Amino acid sequence: MSLVTPEAFILGLSALGSALTMVAAVGIGLGQGFAAGKAVESVARQPEAQSAILSTMLVGQAVAETTGIFAFIISIVLLFVNPLVGML
Amino acid sequence: MHDLNYIGPRIIVKFDNGIYITETVFWGAIVAVVLIVLALWCANNLQQAPKGKQVVAELVVTTIYNLVVSTMGKRCESFAPYMGSLFLFLILGNMLGLIGFRPTTADVNMTFALAGTTFILIQYNGFRTMGFVGKLKHMAEPLPFMVPLKIIEDISFPISLGFRLFGNILGGVIIMALVFNALEYVTELILGGVPLIGQIPWLQAVIPLPFNLFFDVFEPILQAFIFTMLTMVFVSMAVVSHAEHE
């Protein structure tokens, strides 16, 4: 006699897994903050190049964000369109 | 505001033969029609000395041309119309959350269609400027065994481009839905017993404005800019690398 049904077990562990996936956000936070800090430094050194530095920084931060977006999509898939329940 | 139990775009019309129209297609078509009408309205009755709506239209067009020339170089000026329409379409499509509808780009089909267009643009221009043999040579540029890596790089670029836009906008949609649901819940908690006032979620009136400002104004412009910028950079890389060969 089992205490939890298989569906409940899978859904619970999926919620846990989707939360753990978003640990990837730590890396993005560090990376984007580092890029922003360097951009501030270079604007302070060269205020006339501010617009070019700003657009370069934004594009770089967007590329750095990619891993976090993938993690976010995995956690969304685990929460809303769980493929594991169908495998039972 | 969206239902949190069903996260995808809703189906509006369903035909008998299994073809259906979702919110994304519907709002995408409306945004496209709005852009076309706006462009035609701005472009009729052009004067030598601009005034009124023509000043705004010329400002937008000049800004886009300057951005394209400064990013891609003078030789790629002919890409400016495509990049400009992509940018405006993405801004309007992302900002639909501001008037309470689902943004068109919170659907993976839309973002992947746009990313696929970018992919075709890059590959077509690479083949056109370098020729078939030149492109193959460019693929095997530092060392011949790098060819599989280059193919993976080419394919992974549109995938990450599409997922980046989709993830950012969908995250905004989900957070806005959470905020609205929480405010409704709090209203019920405080005023639940009062007969008429308790039924209306009063707290949803002003409190979500800062969230709206970030997720429906700032983020759409930023993501549209980033999508257009990355497209421009990669297309210009495909075109300019030809000049280095000669």
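Keep in mind it's a predicted model, so treat the numbers as computed, not measured.
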Does a side-chain heavy-atom distance below 4.5 Å link [X] with [Y]?
| X | Y | value |
| --- | --- | --- |
| B/D154 | B/K150 | no |
| B/T24 | B/N109 | no |
| B/L90 | B/L114 | yes |
| B/T118 | B/I122 | yes |
| A/V77 | A/P83 | yes |

What pair of heavy atoms forms the shortest contact from [X] to [Y], and how long is it?
| X | Y | result |
| --- | --- | --- |
| B/P103 | B/V173 | CD-CG2, 3.6 Å |
| B/I64 | B/A80 | CG2-O, 3.9 Å |
| A/T67 | A/A64 | OG1-O, 3.7 Å |

Side chain, backbone, both or neither: which part of B/L161 has a non-hydrogen atom closer than 4.5 Å to chain A?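 Looking at B/L161, nothing touches chain A.
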Counting heavy-atom pairs under 4.5 Å with chain A, the top scorer among B/L230, B/N168, B/I174 is B/N168
Check step by step if side-chain contact (heavy atoms from CB on, under 4.5 Å) holds for B/L183 and B/I207. CA-CA 9 Å; B/L183 289 174; B/I207 297 174; 4.1 Å; yes
Is there a donor-acceptor pair under 3.5 Å between the side chain of B/R164 and the backbone N or O of A/A62? yes
Any sub-3.5 Å donor-acceptor pair from B/S160's side-chain atoms to B/F157's backbone N or O? yes
Spell out the residues in residues 211-228 of chain B that have some non-hydrogen atom less than 4.5 Å away from a non-hydrogen atom of chain A, in order of number; otherwise answer 'none'.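 Residues in range: B/L222, B/Q223, B/F225, B/I226.
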Per-residue contacts, residues 22-59 of chain A versus chain B, heavy atoms under 4.5 Å: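 Contacts with chain B: A/S55, A/L58, A/V59.
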Please classify the contact between A/I76 and chain B as side chain, backbone, both or neither, with a heavy-atom cut-off of under 4.5 Å. side chain
Counting only heavy atoms closer than 4.5 Å, note whether A/V63 contacts chain B via side chain, backbone, both or neither.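 A/V63 touches chain B through backbone and side-chain heavy atoms alike.
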